[in-house]
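Here's the structure, in structure tokens; my notes come after.
Here, residue 1 is the first one in the sequence, and each next residue gets the next number.
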Amino acid sequence: MLSVQKFGGSSVANVDRIQKVAERVSRTVERGHRVVAVVSAMGDTTDELIDLLAQVTDRPPDREYDVLVSTGEIVSAALLACALRTRGHNAVSMTGPQIGIHTDGVYRKAKIVKIRADRIREALDAGCVVTVAGFQGINEAGEITTLGRGGSDTTAVALAVALEADVCEIFTDVEGVFSADPRLVPRARKIPRIAYDEMLELATAGARVMQSRAVEFGAKFGVRIHVRSSFSEGEGTMIENVETNGWGEAGMERVFIRGVAHDANQAKITVAGVPDKPGVAATLFGALADERINVDVIVQSATAVDKNDISFTVNRDDLDRAIEISKSASEELGGGEVTADENIAKVSIVGIAMAQHAGVAATMFRTLASHGINIQMISTSEIRISVIVERSQMEEAVRALHSAFGLDAPEGA
Ligand code: ADP
Ligand code: ASP
Ligand code: MG
């Protein structure tokens, strides 16, 4: 039996916690499993490294950004290997490049293209526990790349695929995947089993408990992913192929909505007064795509005869570059001013069964209206509806929707 176990930042936040992780890995080894333990950087190390860089330069080269932030996970991997060795295990730490996690050339959000994993296999065959620095790989030019925030989840699931592991466990600081972020919604419920599609939409909508890339990998290769707490022993959430017929676990009530997600890490850009003619959106969004900037919600509105305003949201980390690109695209197109608004957030409801049920959107909009929350933009997929609202109203919106769709756990549960 081979287990890939991933421990997130809060699970390895200090030496005591690393010792606890070592104990847990030891217990798994003692049950006769072979273990690959993927670790994140300790606590808020990644944010601290990014802050350090900002103190040195406004415009860090992407290559140096990746070299710097990849160091956080290397520290955790080496410390965990040493903690395991003091417990009598033969343990060895490895970085992404040492393992052979090959990525494309896009720094900061590289995609894994191939994993060689020979060294890991050899180490496992030699009876070692392998601790792995998550979140990183190597590109064709031999440079270090990182996999985007939350990328250690993807390292773990991708390794589970490459090594044909029996289980991939994601240990984190909550008991599993909940119907909303339990830190925002105290009455959120733990979801025992969730389909890949629903988890993917929740993750894409901002539920950062799993990186969306990791869920995509899991779905593509059918890896069952167990998200669970590193601080307790209880069962968490299984992400797997779940047949959903729209009825809840007890079969008593219709479950249209599986969860509510929020994303406060978005910003809105508006390009005013662009000509209303073919090719305008293609030029603007083509230029952004060329720079690998993901655009999320888009709205186009006619403001005068032959003129449109185009508004769209991007990840806050990409905002400065997106503004620059939008300004030069607007100039090229004969458009007007480019403005940005960081005071926004995205709130989404997700559920496979909503596709078969009319009125979900209406309930969502009515609920927000009754709380005086203005909707700035809307986007939908078959199993998700997202709205952009003012940042200060995000929490109220999440709680109100959670109640309105009957997701609140009973009082005192
Ligand atoms: P790790 O460091 O273990 O990777 P993260 O901070 O990346 O942990 O993810 C865990 C956090 O995700 C939780 O602390 C919780 O606040 C947040 N979260 C957001 N949405 C959800 C959700 N639907 N279910 C569980 N946790 C969620
Ligand atoms: N340390 C990285 C981050 O904070 C990767 C991870 O934790 O998964 O985003
Ligand atoms: Mg994470």
Side-chain angles (χ1 to χ4, degrees), residues 157 177-181 188-189 191-225 227 237-249 251 253-263 265-266 268 281 285 289 294-300 311-315 344-369 373 375-389 394 397-398 400-407:
V157 178
V177 179
F178 283 70
S179 52
D181 186 340
R189 298 183 204 221
I191 304 172
R193 296 165 70 222
I194 188 167
Y196 293 115
D197 288 355
E198 283 177 319
M199 189 63 232
L200 184 57
E201 289 279 0
L202 280 176
T204 310
R208 71 168 198 280
V209 62
M210 279 294 288
Q211 199 198 33
S212 55
R213 211 61 88 53
V215 185
E216 261 168 354
F217 248 103
K220 189 164 169 199
F221 297 97
V223 185
R224 294 173 77 226
I225 302 167
V227 180
T237 299
M238 285 305 307
I239 308 173
E240 59 193 347
N241 275 319
V242 182
E243 291 299 323
T244 308
N245 58 8
W247 293 93
E249 290 280 316
E253 53 182 328
R254 273 302 221 181
V255 181
F256 297 120
I257 301 305
R258 180 69 63 204
V260 184
H262 66 278
D263 182 357
N265 202 28
Q266 296 232 331
K268 181 172 78 173
F285 295 114
N294 294 332
V295 171
D296 192 358
V297 185
I298 302 176
V299 168
Q300 173 170 301
S311 296
F312 56 92
T313 65
V314 294
N315 196 295
I344 60 148
K346 184 171 70 167
V347 175
S348 308
I349 56 172
V350 170
I352 285 179
M354 81 162 79
Q356 295 109 47
H357 186 72
V360 172
T363 303
M364 181 180 195
F365 302 153
R366 208 179 310 117
T367 304
L368 294 172
I373 297 170
I375 299 170
Q376 302 181 14
M377 303 163 99
I378 300 170
S379 90
T380 62
S381 82
E382 205 159 284
I383 68 168
R384 175 187 48 79
I385 305 173
S386 301
V387 295
I388 301 293
V389 299
M394 175 187 81
V398 173
L401 293 170
H402 198 268
S403 294
F405 286 102
L407 295 170

- Hey, does Met354 have a side-chain heavy atom less than 4.5 Å from the side chain of Ile349?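 Ile349 reaches Met354 side chain to side chain.
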### Query
Within a strict 4.5 Å, meaning less than it, do heavy atoms of the Phe178 and Val209 side chains meet?
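In short, these two side chains do not touch, never coming nearer than 4.5 Å.
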Restricting to non-hydrogen atoms, name the atom on [X] and the atom on [Y] that form the minimum distance, rounded to 0.1 Å.
X      : Y      : answer
Leu368 : Ala397 : CD2-CB, 3.7 Å
Ala205 : Asp263 : O-CB, 3.6 Å
Val242 : Ala195 : CG2-N, 3.7 Å
His402 : Ser179 : NE2-OG, 2.6 Å
Val398 : Val260 : CG1-CG1, 3.9 Å

List in chain and number order the residues that pass side chain to side chain donor-acceptor pair (under 3.5 Å) with [X], two or more places apart in sequence or in another chain; answer none if no residue qualifies.
X      : result
Ser386 : Ser348, Arg384
Asn265 : Asn315
Glu240 : Arg193, Arg224

Salt bridge (Lys or Arg N to Asp or Glu O under 4.0 Å) pairs, two or more places apart, involving residues 204-216: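 Counting only pairs at least two positions apart or across chains, no salt bridge (Lys or Arg N to Asp or Glu O under 4.0 Å) contact touches residues 204-216.
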Starting at [atom1] of [X], measure out to [atom2] of [Y] and round the result to the nearest 0.5 Å.
X      : Y      : atom1 : atom2 : value
Thr237 : Ile191 : OG1   : CD1   : 6.5 Å
Ile298 : Lys268 : CD1   : NZ    : 14.0 Å
Thr313 : Ile344 : OG1   : CD1   : 5.5 Å
Leu202 : Asp181 : CG    : CG    : 11.5 Å
Glu198 : Ile257 : CD    : CD1   : 9.0 Å
Met364 : Ile375 : CE    : CD1   : 7.0 Å

(message) By the definition side-chain contact (heavy atoms from CB on, under 4.5 Å), identify the one residue from Val157, Val215, Ile194 that meets it with Ile225.
(response)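 That would be Val157; it is the only one of Val157, Val215, Ile194 passing the side-chain contact (heavy atoms from CB on, under 4.5 Å) with Ile225.
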> With sequence neighbours excluded, what pairs up with Phe285 under the ring pair (Phe, Tyr, Trp, His ring centres under 6.0 Å) test?
Replying inline: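 Scan of Phe285 (ring pair (Phe, Tyr, Trp, His ring centres under 6.0 Å), adjacent residues dropped) gives Phe312.
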Is a side-chain N or O of [X] found less than 3.5 angstrom from the main chain of [Y], in a donor-acceptor match?
X      : Y      : answer
Ser311 : Val299 : no
Tyr196 : Val223 : yes
Arg189 : Leu407 : yes

Set of side-chain contact (heavy atoms from CB on, under 4.5 Å) partners for Val389, sequence neighbours left out: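 Only Val347, Ile373, Val387 meet the side-chain contact (heavy atoms from CB on, under 4.5 Å) criterion with Val389.
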